[in-house]
A.B. asks: 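Handing you a structure now.
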Amino acid sequence: MTDPDAALSRHTDYGVERLDEVDLAGDPIAQFERWLVDAAERGVYEPNAMVVGTIGQDGIPSSRTVLLRGVDAGGFVFYTDRSSRKGRALAAHPVTTLLFPWYALHRQVIVTGDAEPVDDADSDAYWASRPHGSRIAGTASAQSEPIASRDDLEARVRELEARYPEGTNVPRPPRWGGYRVRPWRVEFWQGRTSRLHDRLVFTRDREAASAWAVERLQP
Ligand SMILES: Cc1cc2nc3c(=O)[nH]c(=O)nc-3n(C[C@H](O)[C@H](O)[C@H](O)COP(=O)(O)O)c2cc1C
């Protein structure tokens with residue numbers, strides 16, 4: 001295909017799957033886990049990849065892809081550099097959206113919630129589970145800061161590899177760690193034929209973390 005207009009004007013039929021109220025799990029975490037397993041089993045590439053939306057100190061939104069590394073009743077956990085652009089945004093406005101774009105399944109989940117740093121013990125445990133090269137890279141790179149050249153970055157990596165050879169402990173930089181997102185809105189979107197999609201949204205009180213209510217939204 002050489003014509004971008006051909007890519008822009010495609011209409012895909014989103015098929016026969018459906019999402020009915022009676023089929024929903026009782027809470028959004030359980031429903032999310034069902035769909036995450038489906039995405040993994042049905043071959044979605046990087047099923048735990050999500051687009052994290054933040055609001056900067058200047059009120060300007062930004063987004064980027066991050067990997068989900070944990071989910072349970074306490075929320076959704078990801079790891080990053082807390083001095084990064086997203087980290088600075090979360091320090092100013094600790095609220096975020098997590099969007100899971102499972103296009104191949106004609107599904108999308110959007111989580112809205114409040115983000116807080118995970119405790120040091122959890123960040124340490126996850127840091128320790130990462131390959132040596134990732135720990136070196138995470139130490140070498142002050143995420144989101146400019147650097148003069150790729151060579152400068154690679155020189156920093158070589159320095160750190162000399163200081164911390166394979167098999168030795170690379171300490172976790174204090175700026176590197178996790179966030180836990182405590183959800184108060186979770187929307188499940190299932191594509192249907194002729195754009196009559198299913199949208200079911202769980203909400204609960206943001207402060208009181210009350211019981212979840214479910215509503216159907218128009219597509
Ligand atoms: C598939 C994929 C997975 C990624 N996973 C992570 C991740 O888990 N943590 C992270 O900090 N950045 C991850 N990134 C890089 C981010 O998208 C982003 O470039 C980086 O976090 C800096 O974002 P910021 O400048 O907005 O803070 C990933 C990118 C892609 C494409």
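Order of listing sets the numbers, starting from 1, for every ligand and every atom in it.
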A.B. asks: Under 4.0 Å, heavy-atom basis, I'd like to know which part of F78 is in contact with ligand 1: side chain, backbone, both or neither.
C.D. replies: neither
A.B. asks: In terms of residue, atom name and distance, what is the protein heavy atom nearest to atom 20 (C) of ligand 1?
C.D. replies: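 Answer for atom 20 (C) of ligand 1: Q143 NE2, 3.4 Å.
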A.B. asks: Could you check atom 24 (P) of ligand 1 against the protein and tell me its nearest heavy-atom contact, residue, atom and distance included?
C.D. replies: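 Here the closest protein heavy atom is S144 OG, 3.5 Å.
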A.B. asks: Side chains of D120 and S123: donor-acceptor distance under 3.5 Å anywhere?
C.D. replies: no
A.B. asks: If you take the nearest heavy atom of each of R88, M50, K86, R82, which one is closest to atom 22 (C) of ligand 1?
C.D. replies: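 Shortest heavy-atom distance from atom 22 (C) of ligand 1: K86.
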A.B. asks: Which option out of Y45, Y79, W176 puts a heavy atom nearest to atom 9 (N) of ligand 1?
C.D. replies: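 Nearest heavy atom to atom 9 (N) of ligand 1 lies in Y79.
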A.B. asks: For the pair R42 and E17, find out whether any cationic side-chain nitrogen is under 4.0 Å from an anionic carboxylate oxygen.
C.D. replies: yes
A.B. asks: Is there a chain of hydrophobic side chains (I, L, V, M, F, W, Y, each step under 4.5 Å between heavy atoms) that links L200 to L98?
C.D. replies: yes
A.B. asks: For atom 26 (O) of ligand 1, what's the nearest protein heavy-atom neighbour? Residue, atom name and distance, please.
C.D. replies: R64 NE, 2.7 Å
A.B. asks: Within the 3.5 Å criterion, strictly below it, is a donor on S144 or R88 matched to an acceptor on the partner's side chain?
C.D. replies: no
A.B. asks: How far is atom 8 (O) of ligand 1 from its nearest protein heavy atom, and which residue and atom name does that atom have?
C.D. replies: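 The protein heavy atom lying closest is L67 N, 3.1 Å.
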A.B. asks: Between D81 and K86 (salt bridge meaning N to carboxylate O under 4.0 Å), is one present in this structure?
C.D. replies: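 Here D81 does not pair with K86 in a salt bridge, since their nearest N and O are not under 4.0 Å apart.
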A.B. asks: Specify the protein heavy atom at minimum distance from atom 1 (C) of ligand 1: its residue, its atom name, and the distance to 0.1 Å.
C.D. replies: T65 CG2, 3.8 Å
A.B. asks: Applying ring pair (Phe, Tyr, Trp, His ring centres under 6.0 Å), name anything that partners F32, two or more places apart in sequence or on another chain.
C.D. replies: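 Counting only residues at least two positions away or on another chain, F32 forms a ring pair (Phe, Tyr, Trp, His ring centres under 6.0 Å) with F76, F100, W102.
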A.B. asks: Salt bridge or not between E187 and R185? Use side-chain N to carboxylate O under 4.0 Å.
C.D. replies: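 Salt bridge: yes.
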A.B. asks: Flag E46 as yes when one of its N or O atoms lies below 3.5 Å from any N or O atom of ligand 1, and as no otherwise.
C.D. replies: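 No, no N or O pair falls under 3.5 Å.
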A.B. asks: State the CH2-CD distance between W184 and E207, to the nearest 0.5 angstrom.
C.D. replies: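 Reported value, rounded in 0.5 Å steps: 9.5 Å.
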A.B. asks: Identify, by atom number and element, the atoms of ligand 1 in contact range of T80, meaning under 4.0 Å from any of its heavy atoms.
C.D. replies: 10 (C), 11 (O)
A.B. asks: Give every donor-acceptor pair under 3.5 Å between a side-chain atom in residues 209-219 and any protein atom, sequence neighbours left out.
C.D. replies:
{"residue": "S210", "atom": "OG", "partner": "D205", "partner atom": "N", "Å": "2.9"}
{"residue": "R216", "atom": "NE", "partner": "E21", "partner atom": "OE2", "Å": "2.9"}
{"residue": "R216", "atom": "NH1", "partner": "D198", "partner atom": "OD1", "Å": "2.8"}
{"residue": "R216", "atom": "NH2", "partner": "L19", "partner atom": "O", "Å": "3.2"}
{"residue": "R216", "atom": "NH2", "partner": "E21", "partner atom": "OE1", "Å": "2.9"}

A.B. asks: So if I count the atoms of ligand 1 from 1 in the order they appear, which ones are less than 4.0 Å from some heavy atom of R85?
C.D. replies: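 This gives 24 (P), 25 (O), 26 (O), 27 (O) as the contact atoms.
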A.B. asks: Would you say G87 and ligand 1 have an N/O pair spaced under 3.5 Å apart?
C.D. replies: no
A.B. asks: Where's the contact between R69 and ligand 1, heavy-atom distance under 4.0 Å: side chain, backbone, both or neither?
C.D. replies: neither
A.B. asks: Report the nearest protein non-hydrogen atom to atom 6 (C) of ligand 1: residue, atom name, distance rounded to 0.1 Å.
C.D. replies: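 So the nearest neighbour among protein heavy atoms is V66 CA, 3.6 Å.
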